[in-house]
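Chain letters run A, B, ... following the sequence lines, proteins first, then strands; residues in each count from 1.
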Amino acid sequence: MAVKNLIDGIREAMHEEMARDERVVLLGEDVGKRGGVFRASEGLVDAYGDKRVIDAPLGESGIVGVAIGMALNGLVPIAEIQFADFIHPAFNQIVSEAAKIRYRSDNDFHVPMVIRAPFGGGVHGGLYHSQSVEAFFMHVPGLKVVIPSTPADAKGLLKAAIRDEDPVLFFEHKRSYRLVRGEVPDGDVTVPIGKARMVREGKDLSIFAYGLMALYAEQAADTLAKEGISAEVIDLRTLLPLDREAILASVARTHRALIVHEANYTMGAGAEVAATIAEGALYELDAPIRRLAGPDIPAMPFNTPQEEHFMPNPEKIAQAARELLAL
Amino acid sequence: MAVKNLIDGIREAMHEEMARDERVVLLGEDVGKRGGVFRASEGLVDAYGDKRVIDAPLGESGIVGVAIGMALNGLVPIAEIQFADFIHPAFNQIVSEAAKIRYRSDNDFHVPMVIRAPFGGGVHGGLYHSQSVEAFFMHVPGLKVVIPSTPADAKGLLKAAIRDEDPVLFFEHKRSYRLVRGEVPDGDVTVPIGKARMVREGKDLSIFAYGLMALYAEQAADTLAKEGISAEVIDLRTLLPLDREAILASVARTHRALIVHEANYTMGAGAEVAATIAEGALYELDAPIRRLAGPDIPAMPFNTPQEEHFMPNPEKIAQAARELLAL
Amino acid sequence: MAKTKVSPKATSSLGPNEVRKMYRNMLLARTIDERMWTLNRAGKAPFVIPCRGQEAAQVGWAAGLRPTDYFLPYYRDIGVMVTLGYTARQAFLSLLGKAEDVTSGGRQMPGHYGWRERHVITGSSPVTTQVLHAVGIAYASQLRGEDTVSAASLGEGSTSQGDFHEALNWASIYKLPVLFVVENNGYAISSPQSKEMAVQDTAERALGYGMAGVTVDGTDFFASYEATVQAAERARRGDGPTLLEFKMYRLLPHSSDDDDRTYRSREEVDAWKDRDPIQRMQNHVLEAGIMTAEEVDALRVEVQAEVDDAIAYAEAAPYPPVEDMFTHVYAD
Amino acid sequence: MAKTKVSPKATSSLGPNEVRKMYRNMLLARTIDERMWTLNRAGKAPFVIPCRGQEAAQVGWAAGLRPTDYFLPYYRDIGVMVTLGYTARQAFLSLLGKAEDVTSGGRQMPGHYGWRERHVITGSSPVTTQVLHAVGIAYASQLRGEDTVSAASLGEGSTSQGDFHEALNWASIYKLPVLFVVENNGYAISSPQSKEMAVQDTAERALGYGMAGVTVDGTDFFASYEATVQAAERARRGDGPTLLEFKMYRLLPHSSDDDDRTYRSREEVDAWKDRDPIQRMQNHVLEAGIMTAEEVDALRVEVQAEVDDAIAYAEAAPYPPVEDMFTHVYAD
Ligand SMILES: Cc1ncc(C[n+]2csc(CCOP(=O)(O)OP(=O)(O)O)c2C)c(N)n1
Ligand SMILES: Cc1ncc(C[n+]2csc(CCOP(=O)(O)OP(=O)(O)O)c2C)c(N)n1
Ligand SMILES: [Mg+2]
Ligand SMILES: [Mg+2]
C-alpha cells in the first residue's frame with residue numbers, strides 16, 4: 001500500500017476503470033489536454049484518446065444531458081462539473097431526467113453514470129468556488145450521493161460509483177485533494193456505496209461528518225481524547241441512501257449527537273441526520289442534538305477573515321463537543 | 001368579506017398590486033390571452049396590456065433571468081413558472097443569481113421579485129405535474145419560500161411577497177386552487193411573511209403542515225376531536241425563514257410533534273422542522289417526532305391507485321396522530 | 001451548409017403497399033386521437049394530448065428511419081408510435097394508466113413514450129431535455145462506428161429552451177448522426193410562433209451552428225418522409241446533423257385541459273382544416289389509384305374496430321398493484 | 001439582418017484628447033494586470049484573472065456607450081471598468097478582498113464587478129447568467145420609453161451555454177436595446193474555439209435569431225469603439241439588439257491557477273504578441289502625432305506610480321470586520 005493524495009485516488013479510479021471497461025468515458029470542461037483544472041484527469045486523454053476523454057463545450061446542462069444519452073446507449077459516462085457551484089444549470093437534467101429514468105420507464109431504461117464535482121471552501125474561492133451543494137440532491141430519490149474523505153475511499157468509492165447501475169453524484173472536497181494523504185490499497189478494491197465508516201469508536205458522544213469535515217472531526221476527537229472525552233467519529237460517506245442504521249446504532253452507544261457540515265445550516269444534511277435520530281432514537285438521547293454548520297448566508301465570502309469564520313474547523317468541532325457534553 | 005376560491009385570492013392580489021404600482025409586471029408562459037393554464041392571470045392582460053403581462057418564450061431560465069434583470073432596473077416582476085416541476089431549468093438563475101445578488105454586492109443591488117408556481121399532486125398529473133419542490137429552496141439563504149393554504153392567505157401573502165424587497169418563491173397547491181374556499185377580506189390586507197398561522201389550538205400533539213396538507217391536518221383534527229384527542233394544527237405558511245419560535249412554542253405546549261408534507265420524506269421540510277425541535281425543545285418531547293410524507297420514490301405515479309397511495313390525506317394524518325399518542 | 005426547402009414530390013421510393021400502410025398508420029393515429037377525446041369528455045380519461053393535424057409529418061419522419069435507429073418522440077407523436085408498431089390497445093392502456101401500459105406500466109401520463117424493444121427512449125414532461133439525450137446517443141453510436149441515427153422531436157416553441165442550443169451546438173461540433181425534428185404547429189399552447197422566435201422558419205435556427213436546416217410541408221406525408229430519408233442519409237454518411245422543420249397546424253386545443261377559443265379565432269382554425277393531412281393522403285391514394293373508395297371505407301371500418309376493441313380491453317384491464325409503486329427506484 | 005464586418009478605420013469621431021484618454025485607460029488596465037500577477041507570484045494575492053490582449057476591445061466597447069447605459073462586464077473586463085472610472089486603488093482593494101472594495105466589500109473574488117453608481121451591474125462566477133439580466137434591464141428601459149442601452153460581455157466559450165440562446169431569443173423577439181459583447185480570445189480555458197462551436201465567427205450565432213451580428217478586430221481600439229457606437233445607435237433607434245464579436249487572443253494563461261503550456265504552443269502565443277493591442281495603440285498615437293515618445297514615457301511612469309500607490313494603499317487597508325459577513329442576506 002502506497003501513501004497518496006486524495007486526488008490520486010480519484011485519478012487512479014478513473015484510470016483503472018477506463019482500462020478495465022471500454023464503455024467508460026469522461027466528459028467535462030478542460031478534462032482533456034488540460035487534465036481538468038485540478039488535474040484529476042491528467043494523463044487520461046493520452047491513454048484513452050479524445051473520443052473517450054472529451055473536452056465538452058461550456059454548458060453543464062449539455063454535459064449532463066449528453067452523458068444521459070450516452071448512458072442510454074451503452075456507455076458509462078463520468079461527467080465532470082468543473083466546480084460544484086456550476087452544477088445548477090444541470091439541475092433539471094439531473095433531477096428530472098437522470099434520477100427518474102429507471103422509475104418512469106418501469107425499469108425499461110436506466111442510466112449508469114457518475115457526475116463528479118469538486119466542492120467546499122477554504123481555498124479563497126469566494127461565493128462561487130466554495131459551495132457545498134450535496135443537500136439539494138439528498139431530496140431526490142433515484143440518485144445516490146457520495147462524498148469520500150480519504151484517498152482510499154476516494155478510489156474505492158469512485159470505482160463503485162462507476163460500476164453502479166444508477167446515477168451517482170460524487171462530490172470531492174477540493175481542499176482535501178492535496179491536503180489529505182493516506183494509504184491506498186493496490187489493485188481492484190471497491191468500497192460499497194451506502195455504508196458509513198467508523199472512523200473512531202467512542203462513548204461520550206457521536207460526531208457525524210463527511211468530506212473534509214470528517215478529517216476535522218477526527219482531529220477534534222484527538223484533542224478531546226487528551227481532555228478525557230471519548231468521541232465517536234462516523235464518516236457518513238454516502239448521503240443518499242443515508243446509512244440510518246449506523247447513525248442510530250452510534251447514538252444508542254453514546255447518547256449524544258453532533259453533526260458537522262460546511263453547507264448552510266438550514267436544510268443541510270444535518271437536518272436529515274437530526275430528524276432520523278429524533279424519529280428513531282429519541283429515547284436514547286441524553287442531550288439535544290447539535291448541528292455545527294456553515295452559517296445561513298448565501299455563500300462563503302472571499303476575504304480571509306470571513307472565509308475562516310465561515311469554515312468549521314477542528315477547534316470549533318471540539319468546542320461544540322465540549323458544550324454538548326456540558327448539557 | 002366574500003367567500004372565494006384560493007385562486008381568486010391569487011388573481012386579486014396580482015390585480016390589485018398591478019393597479020397600485022405600475023412597476024409590477026407579470027411574465028410567464030401563456031399568462032396573457034390564455035390567462036395562465038390555471039387561469040390565475042385571467043383578465044390581467046386586458047387591464048394592463050401586453051407590455052406588463054408578458055407571454056414569455058418557452059424557457060424557465062430565461063423567464064427568471066429576464067425577471068432578475070427587470071428587478072435590477074426598477075420593475076417588480078412576478079415570474080410565473082407554469083408548473084413547479086418545470087422550475088428546475090431556472091435553478092441556476094434562482095440559486096446563483098436571485099438569492100445572492102444583495103449579498104454579493106454588499107447591498108448595492110437587490111431584486112424585488114416573486115416567482116409563482118403551482119405545485120403538488122392529486123390531480124392525475126403523473127410524475128411531472130405533481131411535484132413538491134419547496135424543500136430545495138429552503139437550503140438557499142437569500143430566498144424566501146411561501147406557501148398559502150387559504151384564500152385569504154393566498155391574497156395577503158402574495159401581496160406581501162410582491163412588496164417584499166427580496167426574491168420570494170410563492171408555491172400554490174394546484175389542487176387547492178378551486179377546492180379550497182374561504183373568506184377573503186376586502187381591500188388592501190397583507191399577511192406578514194415569516195409567521196406561522198395557528199389553525200387550531202390543542203394540547204395532545206402538534207401537527208405542522210402547509211399548503212393542501214394544512215387543510216387536511218385541520219380535517220384530521222376534527223376527526224380526532226371526536227375521539228377526544230386535542231390536536232394543535234400549525235400552518236407553517238413560510239418555510240424560509242422558518243418560524244422556529246412558533247414550532248418550539250407549540251411543542252412546549254403539546255409535547256408531541258407530527259409533521260406532514262407531500263414532498264418526499266427524505267430532506268423534505270419535515271427534516272428541518274424535526275431538527276429544529278430536536279435541537280431546541282428536546283426535553284419537551286414525550287415521544288419521538290413523526291414525519292408523515294410522500295414516499296421516497298422519484299415522483300407521484302399517474303395511475304389512480306398509486307397516486308392515491310402517494311398522497312397524505314386526512315385519514316392518514318389522523319392515524320399517524322393516533323399512533324404518536326400511543327407511544 | 002445552407003437552409004434548403006424540400007418540395008413535396010418524390011413519392012416514387014415507396015411502393016403501393018407501403019403507401020397503403022402509411023395511410024393506415026395516419027388513420028389509426030387520428031382515430032386513436034378522436035376516441036381519446038371522446039373518453040375524456042365522458043369523464044373516463046383524465047388527460048388527452050392530441051396529434052390532430054400532425055399525422056403526416058409524424059408517420060413520415062418515423063417511416064424515414066430504420067428500426068435500428070433511436071427514436072425520442074415528444075408527447076404529440078401518436079403517429080410516430082403507431083408507425084413503430086404501437087397498437088391501439090397499447091395507446092389506451094397508457095391513456096388509462098393500466099398495468100400493461102408498455103411505456104411506463106401506468107406510471108406516466110399519456111403521451112410520455114418509451115419502448116425499449118422498439119428503440120423508443122423514455123421521455124419526460126419538461127420539454128427539450130430529450131434533444132440532449134439524442135445527442136449523447138448519437139455520440140455513442142459514432143464512437144462505436146455504428147451507422148445508426150438518433151432523432152428527437154419537439155415543438156417549435158420548445159426550441160426556445162437552453163437545452164436546444166446546447167444540443168445543436170454539441171451535434172454540430174462533433175458532426176453527430178442526429179436529427180432534430182421540429183413539429184411546427186404554429187403554437188406553444190397559446191403562444192404563436194412570433195412570440196417564440198424572431199425568424200420565419202424554425203429551420204433558420206440551424207444557421208448559427210453551421211448545420212443543415214430544412215423546412216418541409218408537414219401536412220404532406222411524402223415530403224416529410226423524403227426529407228427525413230435524405231437527412232438520415234447525410235447523417236449516416238458522416239455529414240452531420242440536420243434540423244428538420246415540419247410546418248403544419250395544431251387543429252385542436254393544446255390538450256384536454258385547454259380552451260383555444262381564448263387565444264385564436266375559429267376562422268384561423270377552419271382555414272387549416274383544408275390542409276388536413278389525412279384528407280390529403282386520402283386524396284393521394286385515391287387519385288394515384290393505390291386504393292379504391294371502397295377500400296378506403298373498409299380501412300376506416302377496420303381501424304374503428306381495432307380502436308373499439310382497444311378501448312374495451314383497456315377499460316377492463318387492471319391497474320398496477322399499489323405496492324409496485326415502490327419498485328425500480330434503483331437497480332434491485 | 002445580415003452579418004457584417006466593420007473595418008478598422010473611422011478614428012475621426014474621437015478628438016486627440018479623447019484618444020489620449022483611451023490609450024491611458026488601456027495602459028492602466030494592462031499595468032494593473034501586470035502588477036496583479038506580480039503580487040500573486042509573490043504569494044500576496046490568491047487569485048488573478050488577466051485581461052492581457054483584450055484591452056482595446058474592452059476600452060473600446062465601454063467608451064462606445066453612455067454613462068447612463070447599463071454595463072454587465074465579465075471577469076476579464078479590467079479595461080471596461082477603468083474606462084468607467086474604476087481606479088487602481090479600487091482594483092487592488094478588490095484583489096485583496098479589503099473592506100473598501102467597491103464591487104462587493106471584499107465578499108467576491110476579484111473580477112466580479114458591480115458598481116451601482118456607475119451602472120455596473122453585480123456579476124457572479126457562473127458564466128452567461130448576466131446576458132439574461134441585460135435583456136431584462138433592456139426590457140424595463142424599453143417599457144418606460146427610455147433610450148438607454150444595456151450591454152453584457154462574455155467569452156466566446158460562454159456562448160455555448162443555454163442562457164445565451166434564451167437571452168438572444170428574448171432580445172430579438174422584443175427588439176430590445178441590448179448588446180451582446182463577445183470577447184473572443186480563442187480559448188475557453190484550454191478549449192479552443194473549434195471545440196466550442198462549428199462556426200468560424202461567433203457573430204454567426206446571430207443568424208438564428210434574425211439579429212445583427214458583427215465581427216470586429218478586437219485588437220484595434222478604433223474598430224471596437226466604432227462598432228459599438230453603431231450597434232448602440234441601432235439599439236436606441238429601436239432597431240434591436242446586436243451580437244458584437246471582438247476577435248483577439250488571451251495572451252496569458254486563463255488565470256493564476258492555470259498553466260497554458262499543457263494545451264497550446266509557445267509559437268502560437270508569440271505570434272499573437274505582434275498584435276498586442278497596447279502596442280498598436282501606442283503606434284497609432286505616435287504616428288498620428290497625438291503624443292510624442294516623451295509623453296508616452298511620462299504616461300507610463302504616471303500609470304506605474306498610480307499602481308504603486310494603489311498596491312501600498314490596498315495592502316495597508318483593513319479587511320471587513322468578521323461580523324459584517326452576516327449582513328445583507330435580506331433587506332434589513
Ligand atoms: C420545461 C417545461 N416548461 C413548460 C412546460 C409546459 N408546456 C407543455 S407543452 C408547452 C408548449 C410547447 O409548445 P411547442 O414546443 O410548440 O409544442 P406543441 O405543444 O405545440 O406541440 C408548454 C409550455 C413543459 N412541459 N416543460
Ligand atoms: C457555469 C460555469 N461553468 C464553468 C465555469 C468555469 N469557467 C470559468 S471561465 C471558463 C471558460 C470561459 O471561456 P470563455 O467564455 O471563452 O471566456 P474567457 O475566459 O476565454 O475570457 C470556465 C469553463 C464557470 N465559471 N461557470
Ligand atoms: Mg407548437
Ligand atoms: Mg475565451
Side-chain angles (χ1 to χ4, degrees), chain A residues 28-39 42-43 45-46 50 54-63 65 81-90 92-93 122-131 174 264 266 294-310, chain D residues 45-47 94-99 101 104-112 123-129 154-165 187-192 195-198 254-255 257-260 262-264 318-330:
Chain A
E29 294 150 11
D30 307 293
V31 299
K33 279 198 211 166
R34 181 72 186 87
V37 295
F38 290 98
R39 309 289 178 111
E42 205 163 36
V45 72
D46 299 327
D50 66 1
I54 306 153
D55 277 328
L58 210 177
E60 289 70 17
S61 190
I63 291 170
I81 303 294
Q82 201 162 74
F83 286 83
D85 314 61
F86 307 141
I87 204 167
H88 301 325
N92 190 42
Q93 285 287 352
V123 299
H124 294 296
L127 271 73
Y128 297 100
H129 294 78
S130 306
Q131 288 173 42
K174 65 176 84 74
N264 301 125
T266 296
D296 278 340
I297 61 176
M300 202 174 297
F302 169 68
N303 70 81
T304 309
Q306 293 183 342
E307 180 184 67
E308 273 169 17
H309 196 72
F310 188 110
Chain D
F47 183 76
S94 171
L95 181 75
L96 302 179
K98 297 304 179 73
D101 158 39
S104 75
R107 288 178 174 190
Q108 290 228 67
M109 288 178 92
H112 290 65
S124 64
S125 309
V127 298
T128 325
T129 50
L154 70 166
E156 83 295 342
S158 299
T159 66
S160 299
Q161 278 282 2
D163 276 0
F164 179 77
H165 172 63
Y187 285 87
I189 307 187
S190 70
S191 222
K195 286 190 169 182
E196 293 291 339
M197 64 193 79
H254 171 72
S255 75
D257 290 340
D258 187 27
D259 175 4
D260 62 341
T262 55
Y263 55 83
R264 60 183 186 179
Y319 283 118
V322 161
E323 20 350 320
D324 278 12
M325 71 191 272
F326 301 106
T327 60
H328 309 316
V329 179
Y330 299 100

Shortest non-hydrogen contact between A:Q306 and D:P321, atoms and distance: NE2-O, 3.0 Å
Taking the side chain as every heavy atom from C-beta outward, state whether D:Q108 and A:F302 have any pair of such atoms under 4.5 Å apart. no
Could you check which of A:G125, A:P89, A:G62 has the highest count of heavy-atom pairs closer than 4.5 Å to chain D? A:G125
Given a strict heavy-atom distance threshold of 4.5 Å, which part of A:E308 is in contact with chain D: side chain, backbone, both, or neither? neither
Among D:T327, D:D259, D:T159, D:T128, which residue has the highest count of heavy-atom pairs closer than 4.5 Å to chain A? D:D259
D:D101, part contacting chain A, at a heavy-atom distance under 4.5 Å: neither
What's the spacing between A:T304 OG1 and D:Y319 OH if we round to 0.5 Å? 3.5 Å
Evaluate the ring planes of D:F47 and A:H129, with Trp represented by its six-membered ring, and classify them as parallel (under 30°), tilted (30 to 60°) or perpendicular (over 60°). tilted
Heavy-atom closest pair, residues D:M109 and A:H124: CE-O, 3.8 Å
Among A:P305, A:G59, A:P301, residue most engaged with chain D (heavy-atom pairs, under 4.5 Å): A:P305
In terms of heavy-atom pairs under 4.5 Å with chain A, which of D:K98, D:R107, D:H328 leads? D:R107
Between A:D296 and D:V329, is any pair of side-chain heavy atoms under 4.5 Å apart? no
Heavy-atom distances under 4.5 Å only: say whether A:A56 touches chain D with side chain, backbone, both or neither. backbone
Okay, A:F83 and chain D: the region with an atom under 4.5 Å from a heavy atom over there is neither
So for D:P46, is it side chain, backbone, both, or neither that comes closer than 4.5 Å to the heavy atoms of chain A? side chain
Looking at side-chain heavy atoms only, is the closest gap between D:D257 and A:V37 below 4.5 Å? no
In terms of heavy-atom pairs under 4.5 Å, which option from D:M197, D:K195, D:H254, D:E323 contacts chain A the most? D:K195
Indicate yes or no: at least one non-hydrogen side-chain atom of D:I189 is less than 4.5 angstrom from one of A:Q82. yes
Please determine, among A:H88, A:M300, A:H309, A:E307, the option with the most heavy-atom pairs under 4.5 Å with chain D. A:H309
Please report the closest heavy-atom contact between D:S190 and A:D30, naming both atoms and the distance. OG-OD1, 2.6 Å
Scanning both residues in full, the closest heavy-atom pair of D:T262 with A:R34 reads OG1-CD, 3.5 Å
Side chains of A:D55 and D:S191 only: does a donor on one sit below 3.5 Å from an acceptor on the other? no
Side chain / backbone / both / neither for D:D260 at chain A, heavy atoms under 4.5 Å: neither
Can D:R264 and A:K33 be said to form a side-chain contact (heavy atoms from CB on, under 4.5 Å), step by step? CA-CA 9 Å; D:R264 60 183 186 179; A:K33 279 198 211 166; over 6 Å; no
Between the OG atom in D:S125 and the CZ atom in A:F86, the distance rounded to the nearest 0.5 Å is 5.0 Å
Between D:M325 and A:N303, does a side-chain contact (heavy atoms from CB on, under 4.5 Å) hold up when you go through it step by step? CA-CA 10 Å; D:M325 71 191 272; A:N303 70 81; over 6 Å; no
